[in-house]
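Input: a single structure, listed below in C-alpha coordinates.
Bear in mind the structure is a predicted one, so any value in this text is a computation, not a measurement. Indexing begins at 1, ligand by ligand and atom by atom, following the structure's order.
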Amino acid sequence: MVVVAWLSGQTAPTWVENYRGDTRKLTELSQSSDFAWRRLAEVTDTFGPRFSGTEALERAIDWAVAEMKKDGLENVRKEPVMVPKWVRGRESLDLIEPVRQPLAMLGLGNSAGTPAAGIEGEVLVVKDFDELTAKSADAKGRIVLFNAVFTNYGATVVYRRNGPSRAAALGATAVIIRSVGPAGLRTPHTGATVYDEAQPKIPAAAISAEDADRFQRLADRGVRIRMKLSMEAHFEPDAQSYNVVAEWRGRELPDEIVVVGGHFDSWDVGSGASDDAGGCIVTWEALRLMKSLGLRPRRTVRVVLFTNEENGLRGGNAYRDQHAAELKNHIALLESDGGVFDPDGFGFTGPDEARAAVSAIAGLLKGLGASTVAAAGGGADIGPAAEAGKIPMLSHNVKGDYFLIHHTQADTIARITPKQVSDNAAAIAVMAYVLADRGLR
Ligand SMILES: [Zn+2]
(Lines give C-alpha, C1' and ligand atoms only; values in the text may rest on other atoms or scores of the structure.)
Protein backbone atom coordinates (compact mmCIF):
# COMPACT_ATOMS: atom_id res chain seq x y z
CA MET A 1 0.00 0.00 0.00
CA VAL A 2 1.37 3.41 -0.94
CA VAL A 3 0.87 5.88 1.86
CA VAL A 4 0.80 9.61 1.28
CA ALA A 5 1.48 11.15 4.66
CA TRP A 6 1.31 14.87 5.30
CA LEU A 7 4.98 15.55 4.71
CA SER A 8 6.89 15.89 7.94
CA GLY A 9 8.40 19.31 8.30
CA GLN A 10 5.60 20.74 6.17
CA THR A 11 3.07 22.54 8.29
CA ALA A 12 -0.59 21.76 7.80
CA PRO A 13 -2.62 24.48 6.07
CA THR A 14 -4.18 27.12 8.33
CA TRP A 15 -7.73 26.00 7.61
CA VAL A 16 -6.96 22.63 9.16
CA GLU A 17 -5.63 24.22 12.34
CA ASN A 18 -9.04 25.82 12.83
CA TYR A 19 -10.54 22.35 13.28
CA ARG A 20 -8.30 21.20 16.13
CA GLY A 21 -10.80 22.26 18.79
CA ASP A 22 -13.71 20.42 17.17
CA THR A 23 -11.47 17.38 16.63
CA ARG A 24 -10.74 17.31 20.36
CA LYS A 25 -14.43 17.67 21.27
CA LEU A 26 -15.56 14.87 18.94
CA THR A 27 -12.76 12.57 20.12
CA GLU A 28 -13.34 13.22 23.81
CA LEU A 29 -17.07 12.66 23.55
CA SER A 30 -16.61 9.43 21.61
CA GLN A 31 -14.01 8.12 24.06
CA SER A 32 -16.06 9.15 27.10
CA SER A 33 -18.46 6.20 26.80
CA ASP A 34 -18.98 2.77 25.25
CA PHE A 35 -22.34 3.83 23.79
CA ALA A 36 -21.54 2.77 20.21
CA TRP A 37 -20.02 -0.56 21.26
CA ARG A 38 -23.16 -1.33 23.27
CA ARG A 39 -25.27 -0.42 20.25
CA LEU A 40 -23.19 -2.84 18.15
CA ALA A 41 -23.71 -5.52 20.82
CA GLU A 42 -27.45 -4.86 20.83
CA VAL A 43 -27.89 -5.24 17.09
CA THR A 44 -25.74 -8.38 16.79
CA ASP A 45 -27.11 -10.01 19.98
CA THR A 46 -30.74 -9.27 19.16
CA PHE A 47 -30.94 -9.97 15.44
CA GLY A 48 -27.95 -12.27 14.80
CA PRO A 49 -26.89 -12.57 11.19
CA ARG A 50 -28.80 -10.26 8.83
CA PHE A 51 -28.92 -12.14 5.55
CA SER A 52 -30.77 -10.74 2.54
CA GLY A 53 -34.29 -12.06 2.32
CA THR A 54 -34.58 -12.82 6.05
CA GLU A 55 -36.93 -11.41 8.64
CA ALA A 56 -33.93 -10.78 10.91
CA LEU A 57 -32.49 -8.24 8.44
CA GLU A 58 -35.80 -6.41 8.11
CA ARG A 59 -36.33 -6.33 11.90
CA ALA A 60 -32.81 -4.94 12.31
CA ILE A 61 -33.53 -2.29 9.66
CA ASP A 62 -36.69 -1.20 11.51
CA TRP A 63 -34.72 -1.11 14.78
CA ALA A 64 -32.06 1.12 13.16
CA VAL A 65 -34.72 3.53 11.89
CA ALA A 66 -36.28 3.78 15.36
CA GLU A 67 -32.87 4.29 17.03
CA MET A 68 -31.84 6.97 14.54
CA LYS A 69 -35.05 8.85 15.29
CA LYS A 70 -34.31 8.53 19.02
CA ASP A 71 -30.86 10.00 18.33
CA GLY A 72 -32.55 13.06 16.85
CA LEU A 73 -31.11 12.56 13.36
CA GLU A 74 -33.00 14.17 10.48
CA ASN A 75 -34.84 12.79 7.42
CA VAL A 76 -34.64 9.25 8.78
CA ARG A 77 -36.17 6.93 6.22
CA LYS A 78 -36.17 3.55 4.47
CA GLU A 79 -35.60 3.42 0.71
CA PRO A 80 -37.03 0.28 -0.94
CA VAL A 81 -34.74 -2.28 -2.59
CA MET A 82 -35.71 -5.72 -3.91
CA VAL A 83 -33.05 -8.26 -2.90
CA PRO A 84 -32.25 -11.84 -3.94
CA LYS A 85 -33.17 -14.58 -1.51
CA TRP A 86 -30.71 -17.46 -1.47
CA VAL A 87 -31.48 -20.14 1.10
CA ARG A 88 -28.67 -22.35 2.42
CA GLY A 89 -30.81 -25.17 3.81
CA ARG A 90 -29.18 -28.20 5.39
CA GLU A 91 -25.73 -29.09 4.13
CA SER A 92 -22.93 -31.53 4.86
CA LEU A 93 -19.65 -32.79 3.49
CA ASP A 94 -18.46 -36.26 4.42
CA LEU A 95 -15.08 -37.75 3.82
CA ILE A 96 -15.66 -41.34 2.59
CA GLU A 97 -12.10 -42.48 1.77
CA PRO A 98 -9.50 -42.97 3.16
CA VAL A 99 -11.70 -42.81 6.29
CA ARG A 100 -15.28 -41.86 7.03
CA GLN A 101 -15.50 -38.47 8.77
CA PRO A 102 -17.84 -35.49 8.66
CA LEU A 103 -16.03 -32.27 7.71
CA ALA A 104 -16.57 -28.67 8.79
CA MET A 105 -17.96 -26.93 5.69
CA LEU A 106 -20.03 -24.00 4.44
CA GLY A 107 -21.76 -23.93 1.07
CA LEU A 108 -20.83 -20.94 -1.07
CA GLY A 109 -23.46 -18.24 -1.46
CA ASN A 110 -25.47 -18.48 -4.71
CA SER A 111 -24.47 -22.14 -5.02
CA ALA A 112 -26.83 -24.65 -6.54
CA GLY A 113 -27.87 -27.55 -4.33
CA THR A 114 -27.12 -31.23 -4.85
CA PRO A 115 -29.64 -33.94 -5.62
CA ALA A 116 -31.28 -35.23 -2.41
CA ALA A 117 -28.94 -38.22 -2.36
CA GLY A 118 -25.91 -35.93 -2.52
CA ILE A 119 -22.95 -36.04 -4.89
CA GLU A 120 -20.26 -38.60 -4.14
CA GLY A 121 -17.02 -38.81 -6.02
CA GLU A 122 -13.28 -39.01 -6.13
CA VAL A 123 -11.50 -35.76 -5.33
CA LEU A 124 -8.96 -34.04 -7.59
CA VAL A 125 -6.80 -31.64 -5.54
CA VAL A 126 -5.25 -28.70 -7.42
CA LYS A 127 -3.39 -25.67 -6.09
CA ASP A 128 -4.50 -23.21 -8.75
CA PHE A 129 -6.08 -22.78 -12.17
CA ASP A 130 -2.80 -23.67 -13.92
CA GLU A 131 -2.70 -27.05 -12.21
CA LEU A 132 -6.36 -27.61 -13.11
CA THR A 133 -5.52 -26.91 -16.74
CA ALA A 134 -2.56 -29.30 -16.59
CA LYS A 135 -4.81 -32.01 -15.10
CA SER A 136 -7.93 -31.18 -17.12
CA ALA A 137 -8.25 -34.78 -18.35
CA ASP A 138 -8.64 -35.92 -14.71
CA ALA A 139 -11.42 -33.49 -13.75
CA LYS A 140 -14.32 -35.21 -15.50
CA GLY A 141 -16.70 -36.86 -13.05
CA ARG A 142 -14.60 -35.72 -10.08
CA ILE A 143 -15.08 -33.31 -7.21
CA VAL A 144 -12.39 -30.64 -7.72
CA LEU A 145 -10.75 -29.23 -4.59
CA PHE A 146 -9.04 -25.86 -5.13
CA ASN A 147 -6.30 -25.60 -2.50
CA ALA A 148 -5.20 -22.00 -3.17
CA VAL A 149 -3.30 -20.80 -0.10
CA PHE A 150 -4.51 -17.40 1.17
CA THR A 151 -2.09 -14.58 0.38
CA ASN A 152 -4.46 -11.65 0.07
CA TYR A 153 -8.18 -11.43 -0.60
CA GLY A 154 -7.99 -10.29 -4.21
CA ALA A 155 -5.56 -13.04 -5.22
CA THR A 156 -7.51 -15.94 -3.71
CA VAL A 157 -11.17 -14.87 -3.93
CA VAL A 158 -11.05 -15.74 -7.66
CA TYR A 159 -11.20 -19.43 -6.71
CA ARG A 160 -14.42 -18.84 -4.76
CA ARG A 161 -15.97 -16.72 -7.49
CA ASN A 162 -14.81 -18.52 -10.63
CA GLY A 163 -13.59 -21.95 -9.47
CA PRO A 164 -16.94 -23.77 -9.76
CA SER A 165 -17.55 -22.79 -13.39
CA ARG A 166 -13.90 -23.37 -14.36
CA ALA A 167 -14.16 -26.92 -13.01
CA ALA A 168 -17.65 -27.46 -14.46
CA ALA A 169 -16.28 -26.63 -17.90
CA LEU A 170 -14.04 -29.72 -17.57
CA GLY A 171 -16.87 -32.00 -16.45
CA ALA A 172 -16.39 -31.81 -12.66
CA THR A 173 -19.47 -32.71 -10.59
CA ALA A 174 -18.86 -30.37 -7.61
CA VAL A 175 -16.25 -27.99 -6.23
CA ILE A 176 -14.69 -27.63 -2.79
CA ILE A 177 -12.48 -24.61 -2.12
CA ARG A 178 -9.92 -23.88 0.54
CA SER A 179 -11.55 -21.03 2.47
CA VAL A 180 -10.54 -17.50 1.47
CA GLY A 181 -8.77 -16.54 4.69
CA PRO A 182 -5.79 -17.55 6.80
CA ALA A 183 -5.80 -20.73 8.90
CA GLY A 184 -7.63 -20.06 12.16
CA LEU A 185 -9.44 -22.65 14.23
CA ARG A 186 -10.43 -25.03 11.40
CA THR A 187 -13.13 -22.59 10.36
CA PRO A 188 -14.75 -22.58 6.92
CA HIS A 189 -15.55 -19.20 5.30
CA THR A 190 -18.57 -18.70 3.05
CA GLY A 191 -18.94 -15.97 0.40
CA ALA A 192 -20.48 -15.52 -3.00
CA THR A 193 -19.68 -17.62 -6.02
CA VAL A 194 -20.54 -16.42 -9.52
CA TYR A 195 -21.60 -18.91 -12.15
CA ASP A 196 -20.66 -18.59 -15.80
CA GLU A 197 -24.04 -18.98 -17.55
CA ALA A 198 -22.37 -21.03 -20.28
CA GLN A 199 -21.42 -23.83 -17.88
CA PRO A 200 -23.42 -26.32 -15.78
CA LYS A 201 -24.10 -24.88 -12.29
CA ILE A 202 -22.37 -27.39 -10.04
CA PRO A 203 -22.63 -27.17 -6.21
CA ALA A 204 -19.73 -25.54 -4.36
CA ALA A 205 -18.63 -25.37 -0.73
CA ALA A 206 -15.68 -24.23 1.37
CA ILE A 207 -13.60 -26.19 3.88
CA SER A 208 -11.04 -24.91 6.37
CA ALA A 209 -7.43 -24.18 5.46
CA GLU A 210 -6.34 -26.92 7.86
CA ASP A 211 -8.45 -29.56 6.12
CA ALA A 212 -7.33 -28.37 2.68
CA ASP A 213 -3.71 -28.87 3.77
CA ARG A 214 -4.57 -32.38 4.94
CA PHE A 215 -6.11 -33.33 1.59
CA GLN A 216 -3.12 -31.86 -0.22
CA ARG A 217 -0.83 -34.10 1.84
CA LEU A 218 -2.98 -37.16 1.17
CA ALA A 219 -3.06 -36.41 -2.57
CA ASP A 220 0.70 -35.87 -2.61
CA ARG A 221 1.10 -39.36 -1.09
CA GLY A 222 -1.07 -40.81 -3.83
CA VAL A 223 -3.91 -41.68 -1.45
CA ARG A 224 -7.36 -41.88 -3.06
CA ILE A 225 -9.80 -39.35 -1.56
CA ARG A 226 -13.58 -39.70 -1.88
CA MET A 227 -16.15 -37.29 -0.51
CA LYS A 228 -19.91 -36.88 -0.46
CA LEU A 229 -21.46 -33.40 -0.65
CA SER A 230 -25.11 -32.75 0.25
CA MET A 231 -26.64 -29.26 -0.04
CA GLU A 232 -30.25 -28.07 -0.08
CA ALA A 233 -29.19 -24.60 -1.33
CA HIS A 234 -31.66 -22.85 -3.62
CA PHE A 235 -33.13 -19.48 -4.58
CA GLU A 236 -36.60 -18.25 -3.65
CA PRO A 237 -38.32 -15.20 -5.19
CA ASP A 238 -36.73 -11.78 -4.56
CA ALA A 239 -37.66 -10.17 -1.24
CA GLN A 240 -38.42 -6.61 -0.10
CA SER A 241 -35.62 -4.87 1.76
CA TYR A 242 -34.47 -1.29 2.32
CA ASN A 243 -31.48 1.01 2.54
CA VAL A 244 -31.64 3.06 5.75
CA VAL A 245 -30.87 6.77 5.34
CA ALA A 246 -30.51 9.49 7.97
CA GLU A 247 -29.02 12.96 7.87
CA TRP A 248 -27.44 15.69 9.92
CA ARG A 249 -28.42 18.63 7.75
CA GLY A 250 -25.92 21.25 6.70
CA ARG A 251 -26.30 24.77 8.11
CA GLU A 252 -25.47 26.68 4.89
CA LEU A 253 -25.45 24.29 1.92
CA PRO A 254 -27.83 21.50 2.99
CA ASP A 255 -28.24 20.19 -0.57
CA GLU A 256 -24.53 19.36 -0.76
CA ILE A 257 -23.83 15.98 0.79
CA VAL A 258 -21.08 13.87 2.32
CA VAL A 259 -22.19 10.22 2.56
CA VAL A 260 -20.81 7.84 5.17
CA GLY A 261 -21.97 4.28 5.73
CA GLY A 262 -21.56 0.53 5.52
CA HIS A 263 -23.74 -2.43 4.65
CA PHE A 264 -26.28 -3.66 7.17
CA ASP A 265 -26.79 -7.10 5.63
CA SER A 266 -24.36 -9.90 6.46
CA TRP A 267 -23.82 -13.54 5.57
CA ASP A 268 -26.06 -16.05 7.30
CA VAL A 269 -23.37 -17.31 9.71
CA GLY A 270 -21.78 -15.65 12.74
CA SER A 271 -23.42 -12.32 13.53
CA GLY A 272 -21.83 -10.06 10.94
CA ALA A 273 -20.22 -7.90 13.63
CA SER A 274 -17.09 -7.03 11.65
CA ASP A 275 -18.78 -7.46 8.28
CA ASP A 276 -20.37 -5.08 8.54
CA ALA A 277 -22.50 -4.05 11.53
CA GLY A 278 -19.40 -2.39 12.97
CA GLY A 279 -18.95 -0.22 9.88
CA CYS A 280 -22.62 0.78 10.05
CA ILE A 281 -22.42 1.64 13.74
CA VAL A 282 -19.23 3.76 13.58
CA THR A 283 -20.44 5.81 10.59
CA TRP A 284 -23.89 6.30 12.15
CA GLU A 285 -22.17 7.27 15.43
CA ALA A 286 -20.27 10.01 13.58
CA LEU A 287 -23.58 11.84 13.03
CA ARG A 288 -24.76 11.24 16.59
CA LEU A 289 -21.52 12.72 17.96
CA MET A 290 -21.91 15.88 15.85
CA LYS A 291 -25.55 16.18 16.89
CA SER A 292 -24.71 15.68 20.58
CA LEU A 293 -22.14 18.50 20.44
CA GLY A 294 -24.36 20.78 18.36
CA LEU A 295 -21.66 20.78 15.68
CA ARG A 296 -23.49 21.42 12.43
CA PRO A 297 -21.21 21.54 9.35
CA ARG A 298 -21.99 23.82 6.40
CA ARG A 299 -23.03 20.84 4.26
CA THR A 300 -25.17 17.77 5.05
CA VAL A 301 -23.68 14.55 6.39
CA ARG A 302 -25.82 11.56 5.38
CA VAL A 303 -25.43 8.04 6.76
CA VAL A 304 -26.56 5.15 4.58
CA LEU A 305 -26.88 1.58 5.85
CA PHE A 306 -26.90 -0.30 2.55
CA THR A 307 -28.77 -3.57 2.13
CA ASN A 308 -27.64 -6.68 0.21
CA GLU A 309 -23.94 -6.02 -0.32
CA GLU A 310 -22.93 -9.62 0.24
CA ASN A 311 -24.91 -11.47 -2.38
CA GLY A 312 -26.16 -8.91 -4.83
CA LEU A 313 -25.03 -5.30 -4.27
CA ARG A 314 -28.64 -4.29 -4.88
CA GLY A 315 -28.51 -1.63 -2.15
CA GLY A 316 -25.51 0.17 -3.65
CA ASN A 317 -27.03 0.05 -7.12
CA ALA A 318 -30.40 1.29 -5.83
CA TYR A 319 -28.76 4.24 -4.06
CA ARG A 320 -27.09 5.25 -7.33
CA ASP A 321 -30.39 5.04 -9.23
CA GLN A 322 -32.68 6.59 -6.59
CA HIS A 323 -30.29 9.51 -6.01
CA ALA A 324 -29.19 9.99 -9.63
CA ALA A 325 -30.48 13.58 -9.73
CA GLU A 326 -28.44 14.67 -6.69
CA LEU A 327 -25.21 12.77 -7.31
CA LYS A 328 -23.78 16.01 -8.71
CA ASN A 329 -24.21 17.49 -5.20
CA HIS A 330 -22.29 14.69 -3.48
CA ILE A 331 -18.96 15.96 -2.16
CA ALA A 332 -17.56 12.58 -1.14
CA LEU A 333 -18.62 9.04 -0.21
CA LEU A 334 -16.98 7.13 2.66
CA GLU A 335 -17.51 3.44 3.38
CA SER A 336 -16.44 1.41 6.41
CA ASP A 337 -16.36 -2.26 5.42
CA GLY A 338 -12.97 -3.54 6.52
CA GLY A 339 -13.75 -4.17 10.16
CA VAL A 340 -13.56 -2.00 13.26
CA PHE A 341 -10.18 -2.88 14.78
CA ASP A 342 -7.31 -0.51 15.64
CA PRO A 343 -7.64 2.59 13.44
CA ASP A 344 -5.16 3.16 10.63
CA GLY A 345 -6.72 5.94 8.59
CA PHE A 346 -8.41 6.13 5.23
CA GLY A 347 -7.97 5.26 1.58
CA PHE A 348 -8.79 7.87 -1.04
CA THR A 349 -9.62 7.84 -4.73
CA GLY A 350 -10.20 11.23 -6.33
CA PRO A 351 -8.48 14.33 -7.70
CA ASP A 352 -5.06 15.36 -6.36
CA GLU A 353 -6.19 18.62 -4.75
CA ALA A 354 -8.96 16.74 -2.94
CA ARG A 355 -6.39 14.16 -1.79
CA ALA A 356 -4.30 16.97 -0.31
CA ALA A 357 -7.31 18.16 1.68
CA VAL A 358 -8.13 14.64 2.88
CA SER A 359 -4.49 14.14 3.92
CA ALA A 360 -4.53 17.42 5.82
CA ILE A 361 -7.73 16.40 7.67
CA ALA A 362 -6.25 12.98 8.44
CA GLY A 363 -3.31 14.84 9.99
CA LEU A 364 -5.72 15.90 12.75
CA LEU A 365 -6.12 12.23 13.66
CA LYS A 366 -2.53 11.37 14.61
CA GLY A 367 -3.56 10.94 18.24
CA LEU A 368 -6.03 8.24 17.19
CA GLY A 369 -3.48 6.51 14.96
CA ALA A 370 -5.75 7.28 12.00
CA SER A 371 -3.65 9.70 9.96
CA THR A 372 -2.56 7.58 6.99
CA VAL A 373 -4.20 8.08 3.60
CA ALA A 374 -3.69 5.10 1.30
CA ALA A 375 -3.33 5.42 -2.47
CA ALA A 376 -6.82 4.08 -3.21
CA GLY A 377 -10.10 4.07 -1.36
CA GLY A 378 -13.70 3.11 -1.87
CA GLY A 379 -16.18 0.41 -1.05
CA ALA A 380 -18.52 -2.00 -2.76
CA ASP A 381 -21.69 -0.12 -1.79
CA ILE A 382 -20.50 3.39 -2.63
CA GLY A 383 -18.79 2.30 -5.84
CA PRO A 384 -21.85 2.47 -8.13
CA ALA A 385 -22.79 6.04 -7.08
CA ALA A 386 -19.16 7.20 -7.11
CA GLU A 387 -18.65 5.87 -10.60
CA ALA A 388 -21.89 7.32 -11.96
CA GLY A 389 -21.33 10.74 -10.39
CA LYS A 390 -17.51 10.84 -10.60
CA ILE A 391 -17.48 11.44 -6.83
CA PRO A 392 -14.34 11.10 -4.66
CA MET A 393 -14.39 7.97 -2.48
CA LEU A 394 -12.86 7.13 0.88
CA SER A 395 -12.49 3.80 2.62
CA HIS A 396 -12.13 3.54 6.39
CA ASN A 397 -8.96 1.53 7.07
CA VAL A 398 -7.98 -0.44 10.17
CA LYS A 399 -5.23 -2.82 11.29
CA GLY A 400 -6.50 -6.22 12.29
CA ASP A 401 -7.42 -9.81 11.55
CA TYR A 402 -10.45 -9.01 9.42
CA PHE A 403 -9.96 -11.93 7.03
CA LEU A 404 -9.40 -14.42 9.86
CA ILE A 405 -13.09 -14.23 10.79
CA HIS A 406 -14.55 -12.82 7.55
CA HIS A 407 -17.77 -14.68 6.52
CA THR A 408 -17.42 -17.24 9.35
CA GLN A 409 -19.26 -18.31 12.48
CA ALA A 410 -16.49 -16.47 14.38
CA ASP A 411 -17.51 -12.99 13.16
CA THR A 412 -18.92 -11.77 16.46
CA ILE A 413 -18.50 -8.71 18.67
CA ALA A 414 -16.19 -10.74 20.94
CA ARG A 415 -13.36 -9.64 18.64
CA ILE A 416 -14.10 -5.90 18.92
CA THR A 417 -13.31 -3.69 21.92
CA PRO A 418 -15.24 -0.60 23.06
CA LYS A 419 -12.07 1.48 22.58
CA GLN A 420 -11.76 0.36 18.95
CA VAL A 421 -15.36 1.36 18.27
CA SER A 422 -14.96 4.75 20.01
CA ASP A 423 -11.65 5.56 18.30
CA ASN A 424 -12.90 4.67 14.83
CA ALA A 425 -16.17 6.55 15.32
CA ALA A 426 -14.17 9.61 16.37
CA ALA A 427 -11.88 9.38 13.33
CA ILE A 428 -14.82 9.08 10.95
CA ALA A 429 -16.72 11.86 12.72
CA VAL A 430 -13.80 14.27 12.29
CA MET A 431 -13.20 13.30 8.66
CA ALA A 432 -16.91 13.60 7.75
CA TYR A 433 -17.41 16.81 9.73
CA VAL A 434 -14.45 18.63 8.21
CA LEU A 435 -15.18 17.36 4.69
CA ALA A 436 -18.77 18.58 5.02
CA ASP A 437 -17.77 21.89 6.54
CA ARG A 438 -14.93 22.77 4.21
CA GLY A 439 -15.87 20.84 1.05
CA LEU A 440 -13.54 19.29 -1.49
CA ARG A 441 -14.26 21.27 -4.64
ZN1 LIG B 1 -18.68 -6.39 3.99
- Message: Please determine whether a side-chain nitrogen of the Lys or Arg among Arg88 and Glu91 lies less than 4.0 Å from a carboxylate oxygen of the Asp or Glu.
- Response: yes
- Task: Answer yes or no: is there an ion pair linking Asp211 with Arg186, defined by an N-O contact shorter than 4.0 Å?
- Result: yes
Only residue of Arg302, Arg299, Arg251 satisfying salt bridge (Lys or Arg N to Asp or Glu O under 4.0 Å) with Glu256 is Arg299
Residue set satisfying ring pair (Phe, Tyr, Trp, His ring centres under 6.0 Å) with Phe146, at least two apart, ordered chain then number -> Phe129, Tyr159
The protein N, O or S atoms lying under 2.8 Å from the Zn ion (ligand 1) are His263 NE2, Asp275 OD1, Asp337 OD1, Asp337 OD2
Q: Could you verify whether a donor N or O on one side chain and an acceptor N or O on the other, from His234 and Glu236, lie under 3.5 Å apart?
A: yes
State whether a side-chain donor-acceptor pair under 3.5 Å links His263 with Glu335.
-> no
